[in-house]
2 protein chains.
Amino acid sequence: MEIRIGDLAKRSGCEVVTIRYYEKEGLLPKPARSGGNFRLYGDVHIERLQFIRHCRSLDMTLGEIRTLLGLRDNPTQDCGEVNALLDDHIQLVEVRVAALLQLKQHLLALREKCSGARPVDACGILQGLSKRSRPTGEASFAAARTSRGSSTSQI
Amino acid sequence: MEIRIGDLAKRSGCEVVTIRYYEKEGLLPKPARSGGNFRLYGDVHIERLQFIRHCRSLDMTLGEIRTLLGLRDNPTQDCGEVNALLDDHIQLVEVRVAALLQLKQHLLALREKCSGARPVDACGILQGLSKRSRPTGEASFAAARTSRGSSTSQI
DNA sequence: TAGAAACTCTATAGTAGCTATAGAGTCAAG
DNA sequence: CTTGACTCTATAGCTACTATAGAGTTTCTA
């Protein structure tokens, strides 16, 4: 059973270009080609792409996924590395949540400085932003930084 | 009082290249130049860069900051737009927190599938990742996606 | 069987917010 | 007068894609 890239895209819920991108990045093996040079995928590719997309839906980086795929392809050792990778990932998420919650507190504090429709000159928010912020101890919010991407659809 | 880019970097806690980047992006006005073509900054630049860095520490995008700077530079209208921008930003943070918390639940559920040091072939995590995940309703975690940047230091 | 629509191909550039590098010029101290 | 610290411009790289151009292939319809 061989399908073309468009069908694989529909099945996996990701874009055609993304599949080609994964191939270029070495996450998906190069598939066979038809007479007209179209990519032809089989069950192995379908399962592997599902694996990748599931990992992505859990917000793993392509680097982490590469590691997991490597462990899957080399099933000699024990799965301690898999556990460790996932534990690290969970911890990362926890750090991000904490940073975001603190960030939200700062934003709310700032928001309270202006409630009305006064002229911009007198706006407490803009004035608050000009000062060298030190409301409760200026943490680094780098961990909270996010992309505003479109949805990662289901597989 | 005119300082060079390195001093401004030290004062603001951001890199020299970042300052030049902000200038290129039109967030910082082009400064005067010395005889040797070095940038010379005054109080106006210092305050403006502090404003920018504070906004960045609150995780605003350069686009949002551009808007705020525009409102600051055009102080004719009321500050309703400032409020609205901040409200949007707060809401965005809330959405991200919710997405991350759900993500964490999925990760923890996955993590429970393997606890021991069994061979990778039998690892419940890898097997869980191969299946077309639908643990409790596969949300889109796009809002939780983050960069793992270095710290945004204080100003 | 011709033509058009739908699909696929490669290659390249763009996104955000920087960071890193190369290669050259400037300035102050010893 | 040389050393070292600083600055300059321009370019490429990072993540995980997305968008575009221009060409070829396959499939459907008239």
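All values reported here derive from a predicted model rather than from experimental measurement. Within every chain, numbering begins at 1; the chains are lettered A, B, ... in the order of the sequence lines, protein sequences first and strands thereafter.
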Checklist outcome for this item: Of the listed D:dT7, C:dC9, C:dC18, the closest approach to the A:Asn37 side chain comes from C:dC9

Under 3.5 Å donor-acceptor, [X] side chain and [Y] backbone:
X: B:Arg20; Y: B:Ile5; answer: no
X: B:His89; Y: B:Glu64; answer: no
X: A:Arg4; Y: A:Leu8; answer: no
X: B:His54; Y: B:Phe51; answer: no

Checklist entry - Quick one: on DNA chain D, does A:Phe38 or A:Val17 contact a more 5' nucleotide (nearest heavy atom)? => result A:Val17

Tell me the interatomic distance from [X], atom [atom1], to [N], atom [atom2], rounded to whole angstroms.
X: B:Arg33; N: D:dC6; atom1: CZ; atom2: P; value: 19 Å
X: B:Asp7; N: C:dA28; atom1: CG; atom2: C1'; value: 14 Å
X: A:Lys24; N: C:dC9; atom1: NZ; atom2: C1'; value: 14 Å
X: B:Ile19; N: D:dT9; atom1: CD1; atom2: C1'; value: 16 Å
X: B:Arg53; N: C:dC18; atom1: CZ; atom2: P; value: 6 Å
X: B:Tyr21; N: C:dT21; atom1: OH; atom2: C1'; value: 18 Å
X: B:Glu23; N: D:dA10; atom1: CD; atom2: C1'; value: 14 Å
X: A:Leu8; N: C:dC7; atom1: CG; atom2: P; value: 15 Å

Taking only N and O in the side chain of [X], is any of them less than 4.0 Å away from OP1 or OP2 of [N]?
X: A:Arg4; N: C:dC7; value: no
X: A:Arg56; N: D:dC17; value: yes
X: B:Thr18; N: C:dG17; value: no
X: B:Arg39; N: D:dT9; value: yes
X: B:Arg66; N: C:dA16; value: no
X: B:Tyr22; N: C:dC18; value: yes

Next on the checklist: Students often get this wrong, so: under 4.0 angstrom with heavy atoms, is A:Glu15 touching a base, only sugar-phosphate, or nothing?
Outcome noted: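 A:Glu15: backbone/sugar contact only, no base atoms under 4.0 Å.
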
Item to check | Touch class at under 4.0 angstrom, heavy-atom based, for B:Arg20 against every strand present | outcome: base

Checklist entry - B:Arg48 and B:Tyr41: side-chain donor and acceptor closer than 3.5 Å? => result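 B:Tyr41 and B:Arg48 do not have a side-chain donor-acceptor pair below 3.5 Å.
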
